[in-house]
Amino acid sequence: MENTIILKSDSLFMKTYARFPAVMVEGSGCWLKDSEGKSYLDFLSGIAVCSLGHSHPEVTEAVCSQAAKLNHVSNLYYTIPQTEVAELLVANSFADRIFMANSGAEANEAAIKLARKYGGEDRYRIICLQGSFHGRTMATVSATGQSKFHKGFEPLLEGFCHVRPEYIDQLENMIDPTTCAILCEPLQGEGGVRPLSPEYLKAVRQLCDRHDLALIFDEVQVGMGRTGTLFAYEQFGIEPDIMTLAKALGNGIPIGAMLARESIAESFQPGDHAATFGGNPVACAAARATLKVMLQEGFLDEVREKGKYLRECLNSTVQEFPDLLREVRGLGLIQGLALTRQNMSLGTEIVHKMFEKGVLINFAGGEALRFLPPLVVSRVEIDQMVHTLRSVLTEVDGDIEA
């Protein structure tokens, strides 16, 4: 059956994905199973999406219950799940207002439009960072600071420029009378799992205050508990003016959100922006259930503890394989294992060998193995992943020496 589905799929879909040869049919917690019955320990979580694990009972019940009552009515009308999700997000963040979308790219598009509307006619430029990733639409590709995502889609949209992270003078020099906002990820996930320093982000906040710029945090990957706090900005001692969320917000059900302060949000008026499916009742039911689990007492404390344990295990692995591995970086349960510069080309091979041994990870930014387990991962499962990783690295190290 597996080969049939793979061949049929390859004949039907555009070739935008380099897929692994597995047809996933079910999942529970941190585990997936393919159509041949093979199990996989998932340290990717659908790329930071299924943070409560696969088929979480409370999310599943919420989705099924809502689907039996109301699937869609559009944003011409009010719904209860949408209102309750917004209430939870506002109550637990800096924000006063929310716009609901369907994905991270859409949430970032909304943030870009809001920042430009706030800036007025003459202020439209947004300063972004090299190494960033903000989505696959034309505006978010233009905002993304990695040239590999630009190739074939030039000319990019006007109004975006990129500076090196951590060089505050360079950033300040880019500000001119046409600038309306600074957009960044507190931790660059696709850029190789790179947290920005608290000192740098505080300086960015000060620049925005001084020049009346909107500070936009893209927390699509690192929001919703991934770093050990509900939102990553909480760990840096500052607050943005606009924040985007998606991925883990619905634990696998597509949903995105753009949050903002009242003083910025009031720039949007009826007709300025919209999303037909944004805040869909079923997606919001999933998000409401997800938030309620994450906000339970002790949940995020556990994420921080497990993140610390994962980091310690990876640091030990670096010491064991100094010729292959350079450093560990990340926050909470998003951790990256940077390969030594001479061995970065081995990243994809390591990921494939892990897959063959039944563990799912990926390679980010062309330099770091990325670990994104569900936030409900156990220490036993962390140990199992690390054991498999060391086995693979031993094989790869032996091949290099041979």
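Everything numeric here is computed off the predicted structure, so don't read it as measured data.
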Taking the side chain from [X] and the backbone from [Y], do they hold a donor-acceptor pair closer than 3.5 Å?
| X | Y | value |
| --- | --- | --- |
| Asn280 | Phe277 | no |
| Glu219 | Met243 | no |
| Gln66 | Cys64 | no |
| Gln335 | Gly332 | yes |
| Ser45 | Leu372 | yes |
| His162 | Thr144 | yes |
| Arg329 | Val193 | yes |
| Glu381 | Ser378 | yes |

Distance only, no hydrogens: is a donor on one side chain within 3.5 Å (strictly under) of an acceptor on the other, for Gln221 and Arg370? yes
Any donor-acceptor pair under 3.5 Å linking the side-chain atoms of Asn251 with those of His56?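 No, because no side-chain N or O of His56 sits under 3.5 Å from a partner of the opposite role on Asn251.
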Tell me whether the count of non-hydrogen atoms from other residues, nucleotides or ligands lying under 6.0 Å of [atom1] in [X] goes above 12.
| X | atom1 | answer |
| --- | --- | --- |
| Glu121 | CD | no |
| Lys38 | NZ | yes |
| Phe20 | CZ | yes |
| Lys117 | NZ | yes |
| Glu158 | CD | no |

N-O pairing of [X] and [Y] below 4.0 Å:
| X | Y | answer |
| --- | --- | --- |
| Lys292 | Glu58 | no |
| Asp209 | Arg205 | yes |
| Lys357 | Glu395 | yes |

Supply the atom-to-atom distance [X] [atom1] to [Y] [atom2], rounded to the nearest 0.5 angstrom.
| X | Y | atom1 | atom2 | result |
| --- | --- | --- | --- | --- |
| Met174 | Leu207 | CE | CG | 13.0 Å |
| Asp323 | Asp397 | CG | CG | 6.0 Å |
| Leu314 | Arg390 | CG | CZ | 8.5 Å |

Compare all side-chain heavy atoms of [X] with those of [Y] and state whether any distance is below 4.5 angstrom.
| X | Y | answer |
| --- | --- | --- |
| Arg125 | Ile175 | no |
| Arg123 | Leu213 | yes |
| Leu129 | Leu196 | yes |
| Phe321 | Thr394 | yes |
| Met100 | Val85 | yes |
| Leu215 | Ile238 | yes |

Compute the ring centroids of Phe217 and Phe231, then answer whether they are less than 6.0 Å apart. no
Where does the angle between the aromatic ring planes of Phe99 and Phe268 fall among parallel (under 30°), tilted (30 to 60°) and perpendicular (over 60°)?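 Taking Phe268 first and then Phe99, their aromatic rings stand perpendicular (interplane angle over 60°).
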